[in-house]
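Each chain gets a letter, A, B and so on, in the order the sequences are listed, and its residues count up from 1. Being a predicted model, the structure only gives us computed values, none of them experimental.
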Amino acid sequence: MPITFIGGVHPKEAKLTSGSPIEVLPPPKTVYIPLSQHTGKPARLLVSKGDEVKLGQKIGEAQGFISANIHATVSGKVKSIGRFPHPVLGDGIAVEIENDGEDTWAFEITEHDYEKLTPQEIIDLVKEAGIVGLGGAAFPSHVKLSPPKEKPIEILILNGCECEPYLTCDHRVMLEFPEEVVKGGEIIARVVGAKRRIIAIEDNKPDAIALLKKKAADFEVIPVKTKYPEGAEKQLIYALTRREVPSGGLPMDVGCLVHNVGTAKAIYQAVRYRKPLIERVITVTGENIKEPKNLLVRIGTPAIEAINHCGGYIKPPEKLIFGGPMMGIAQYTDQVPVIKGTSGILVPAEGEIPEPGPCIRCGRCVDVCPMGLHPCIIVDYVENLKFDDAKRLGILDCIECGCCGYVCPVRRQLVHNLKFGKAEVWRKKD
Amino acid sequence: MAEKRLKVSASPHIFARQNLKFVMYAVILALMPALFGSIYFYGLRALYLVILSVAAAVVAEAVCQWAYKRPITITDGSAIITGILLAYNLPPGVPYWMPVVGSVFAIVVAKQFFGGLGYNFINPALAGRAFLMASWPVAMTHDWLPPAGGTISGLDGITRATPLNLIKAADVDPSVIERLTSLEGIRALFFGNVGGCLGETSALLLLIGGIALLILKIIDYRITLSYLLTVVVLSLILPIKGHPPYNILFQLFSGGLFLGAFFMATDMVTTPVTKRGRWIFGIGCGIFTMLIRTFGGYPEGVSYSILFMNVWTPFIDRYTMGRRFGTR
Ligand code: SF4
Ligand code: SF4
């Protein structure tokens with residue numbers, strides 16, 4: 001039996017860039033670094049206008065436990081601090097830094113021995129480096145590395161599924177930096193004391209599976225079925241272990257911890273080199289990009305810089321998406337900067353938005369929902385502002401994967417309404 | 001900063017190929033083999049009845065939407081399907097005005113009155129048929145025509161009856177029943193050389209379209225499968241006179257079962273959205289079909305059982321939502 005979950009969809013994979021090696025995007029003249037790039041509280045600003053900053057210098061300090069540090073991703077001068085376009089929030093406070101082109105580090109980047117470090121010391125290094133989940137949710141990694149004592153982690157899963165169509169950055173990271181991914185995974189496993197270690201990769205990436213099987217002696221490399229959303233945490237845990245993360249719970253409730261392969265690499269760099277998260281690999285792709293590529297870009301780089309490095313647009317863009325086509329967020333401008341959680345920039349050929357029609361009760365959304373929800377009925381309630389009923393039917397379990405919206409033949413605005421309904425239910429709770 | 005604002009919309013940004021039109025026109029195409037069959041069996045009259053029925057349905061839809069000031073959506077194909085299905089449920093000898101009246105009733109009363117596509121709670125075509133049945137019962141139960149090439153019993157269609165009528169009639173010679181349920185009789189039912197409603201006679205032609213829809217996942221297998229399996233199981237239990245040898249196949253291929261199980265019980269709007277609900281819906285249809293066939297006043301029970309289950313759909317949905325992920 002193939003290793004997978006119940007429900008889900010099979011969109012066209014459209015991985016245009018699986019064969020394109022990662023290229024380094026030259027740091028741009030100006031970067032816009034938002035103070036909120038993660039789940040949790042925004043970082044506290046540490047610099048002011050006119051300050052000279054060095055590469056890797058901390059410019060935002062985590063506020064509280066669930067937050068993350070922010071670092072300068074070029075060396076240069078703080079030109080302004082103000083509201084700039086933000087890929088998730090629409091706009092938000094960001095630090096505008098003019099690049100002096102020198103890339104002068106704030107400290108020396110050298111190799112450090114980490115074998116003797118205690119788990120807490122490693123967690124502190126990860127926190128200091130501002131690492132967050134690079135798969136998209138951008139949850140601060142040090143939090144995930146510190147599970148409470150009563151929730152021991154048995155299984156560490158490194159997530160190399162990359163089930164979103166078009167995106168190939170995780171695939172390329174696995175192919176080009178397998179050692180860093182594996183060593184990062186080993187560090188995580190040691191910190192949380194996971195006995196079983198798994199690397200899960202969708203079976204549409206046989207090269208990555210073969211390579212990691214060779215490189216990762218201490219890991220089980222498990223191919224999983226190519227189906228969306230195979231890489232969603234709860235679905236992946238179920239596929240591999242048949243354990244169901246309880247409604248409202250976390251992976252640690254079933255003894256599991258899931259980290260994206262890119263995050264594992266970043267954690268390795270934070271521990272080995274004390275290197276903060278100043279850059280990440282993104283996929284710049286879509287039918288309206290001349291030469292789709294995988295790029296290593298500095299955090300805070302405006303999207304247009306990355307797009308121009310890929311030959312620019314073929315025709316004037318109508319739509320630009322940060323992330324993949326299933327869960328990505330449409331942007332109103334191509335000036336919006338790449339942040340830690342940005343996995344790709346997708347510019348489709350067409351921008352037309354289908355006109356939604358009335359629900360024909362076909363039940364397709366029910367068939368594909370990986371959380372076993374009834375999206376059509378829940379959204380009926382949301383549209384009628386009956387949030388208690390929506391909650392009773394499990395709206396808070398929705399992972400916003402978009403499968404329901406994808407299959408809906410009348411293109412009903414399901415995900416939009418689910419997000420709205422969730423926000424309303426949360427608001428009532430407080 | 002940005003000169004031109006890009007288009008912003010909620011995720012997902014890609015969609016499955018099967019949009020509403022794709023689904024509707026696929027169903028229309030899948031109904032075509034049966035249309036060719038009935039033209040072959042009953043002549044061009046069959047085609048004219050279908051065209052009139054479809055035209056009436058589409059016009060009625062347009063007029064209603066105009067009157068209710070709703071967007072005109074006659075190109076979505078749903079009214080065309082209603083028209084075809086209504087015609088398929090008529091005896092081939094009915095007068096030409098009948099499908100027109102039936103389609104208008106189906107669209108105006110059973111569909112648009114409730115708010116149009118998606119809001120109707122019973123299958124419009126079946127409602128139209130029930131209306132005709134109640135208003136002109138004689139025509140609806142006697143205007144049969146013998147199919148081209150004659151029939152096995154030598155009676156159905158000619159003496160104005162279908163095989164299901166014959167099986168049920170008390171005064172029929174046992175030898176007729178024997179012939180009907182012989183291998184030869186079953187073969188006739190399968191290919192369509194029997195008396196019956198316009199679009200239901202050939203099990204084979206309906207099967208071709210129905211299986212295509214199942215393979216393309218246009219219709220859900222749960223209702224069709226549970227409906228047919230229930231009929232199979234019950235035909236082992238509920239005997240027809242004299243326990244003829246091919247009872248199961250007789251029940252499967254006769255009357256409107258395939259038309260119902262593939263094309264009408266699978267109507268999306270009027271059937272449950274829950275997975276378990278769809279199994280229950282199909283089982284319910286099967287049970288009532290066999291009860292009516294065996295004990296009821298009518299020879300055939302497909303359309304009434306589907307209508308009956310349509311009414312229960314909201315209840316079924318409510319109580320069959322099942323377990324969500326992570327709520328063990
Ligand atoms: S309801 Fe939520 S979890 Fe279910 S398919 Fe839709 S977006 Fe995904
Ligand atoms: S897929 Fe769309 S049309 Fe079908 S039941 Fe769900 S919301 Fe309604």
Side-chain angles (χ1 to χ4, degrees), chain A residues 6 9 11-12 84-85 165 234 238 244-249 316-321 325-335 346 348 351 353-354 357-363 366-367 370-374 376-377 393-394 397 400 402-403 405-411 413 415-416 419, chain B residues 1-24 26 70-71 73 76 78 115-121 217-223 266-278 313-314 317-318 320-328:
Chain A
I6 298 161
V9 295
K12 198 173 74 168
F84 289 99
K234 294 178 179 181
Y238 176 82
E244 283 186 25
V245 176
S247 170
E318 291 177 44
K319 208 171 170 183
L320 186 150
I321 295 151
M326 295 297 288
M327 286 185 80
I329 301 174
Q331 306 295 328
Y332 59 87
T333 166
D334 54 15
Q335 298 295 324
L346 170 65
I353 299 155
C359 173
I360 57 166
R361 316 227 75 86
C362 64
V366 176
D367 291 344
M371 296 305 291
L373 304 180
H374 293 79
C376 51
I377 303 178
L393 295 194
D397 288 343
E400 299 171 17
C403 289
Y406 172 80
V407 292
C408 178
V410 302
R411 313 307 194 215
Q413 291 271 1
V415 178
H416 172 78
K419 286 184 185 175
Chain B
M1 229 158 55
E3 311 79 51
K4 179 182 159 253
R5 284 198 153 216
L6 300 162
K7 285 188 201 163
V8 178
S9 63
S11 59
H13 306 283
I14 49 172
F15 300 94
R17 192 168 48 128
Q18 291 188 9
N19 61 12
L20 181 63
K21 270 197 182 165
F22 186 105
V23 170
M24 292 295 173
R70 294 189 186 129
T73 57
D76 71 9
S78 67
L117 181 69
Y119 300 99
N120 52 301
F121 74 101
K217 297 205 169 129
I218 303 263
I219 57 173
D220 183 56
Y221 67 93
R222 293 178 182 88
I223 291 176
T266 54
D267 170 55
M268 295 158 186
V269 178
T270 56
T271 56
V273 295
T274 66
K275 294 183 200 176
R276 276 198 277 165
R278 284 176 244 161
T313 292
D317 270 342
R318 212 177 161 137
T320 53
M321 282 204 236
R323 189 181 73 81
R324 306 197 306 267
F325 185 96
T327 56
R328 216 191 305 266

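- Ranking A/P348, A/G249, A/C403, A/G351 against chain B, the residue ahead of the rest is A/G351, based on heavy-atom pairs under 4.5 Å.
- Within the 4.5 angstrom heavy-atom criterion, only backbone atoms of B/T271 (N, CA, C, O) approach chain A.
- Interface check for chain B: of the options A/V245, A/I6, A/V407, A/V9, the most heavy-atom pairs under 4.5 Å are formed by A/V245.
- For B/R17, the part lying under 4.5 angstrom from a heavy atom of chain A is the backbone only.
- By number of non-hydrogen pairs under 4.5 angstrom with chain B, the leading residue of A/V410, A/L393, A/I377 is A/L393.
- Contact tally against chain B (heavy-atom pairs below 4.5 Å) for A/H416, A/H374, A/K234, A/M326: the top residue is A/H374.
- Interface check for chain B: of the options A/G248, A/P354, A/P165, the most heavy-atom pairs under 4.5 Å are formed by A/P354.
- If you check the side chains of B/K275 and B/T320, you find no donor sitting under 3.5 Å from an acceptor.
- Contacts of B/R222 with chain A are made by side-chain atoms alone, with heavy-atom separations under 4.5 Å and no backbone atom involved.
- Rounding to the nearest 0.5 angstrom, the gap separating the CG atom in B/D76 from the CG atom in B/L20 is 5.0 Å.
- A heavy-atom distance below 4.5 Å is not found between the side chains of B/R5 and A/T333.
- Side-chain contact between A/M371 and B/R324 is absent, with no heavy atoms from C-beta onward closer than 4.5 Å.
- Using a 4.5 Å cut-off between heavy atoms, A/C362 touches chain B through backbone and side chain atoms alike.
- A/Q331 has its side chain within reach of A/I329: a pair of non-hydrogen atoms, C-beta onward, lies under 4.5 Å apart.
- Both the backbone and the side chain of A/I360 come within contact range of chain B, judged by heavy atoms closer than 4.5 Å.
- In this structure, chain B has a heavy atom under 4.5 Å from the side chain of A/D397, while its backbone stays farther away.
- Interface remark: B/K217 contributes backbone atoms only to the contact with chain A (heavy atom separation under 4.5 Å).
- Within the 4.5 angstrom heavy-atom criterion, only side-chain atoms of B/Y119, from C-beta onward, approach chain A.
- In this structure the side chain of B/R278 reaches within 4.5 angstrom of the side chain of B/I223, judged on heavy atoms.
- Residue B/D220 touches chain A through its side chain alone, counting heavy-atom pairs closer than 4.5 Å.
- Ranked by heavy-atom pairs shorter than 4.5 Å toward chain B, the options A/S247, A/G402, A/P325 are led by A/P325.
- Heavy atoms closer than 4.5 Å to chain A are found in both the backbone and the side chain of B/V8.
- The side-chain heavy atoms of B/D317 and B/T313, taken from C-beta on, include a pair separated by under 4.5 Å.
- At a threshold of 4.5 Å between non-hydrogen side-chain atoms, the residues A/P11 and A/Y406 count as touching.
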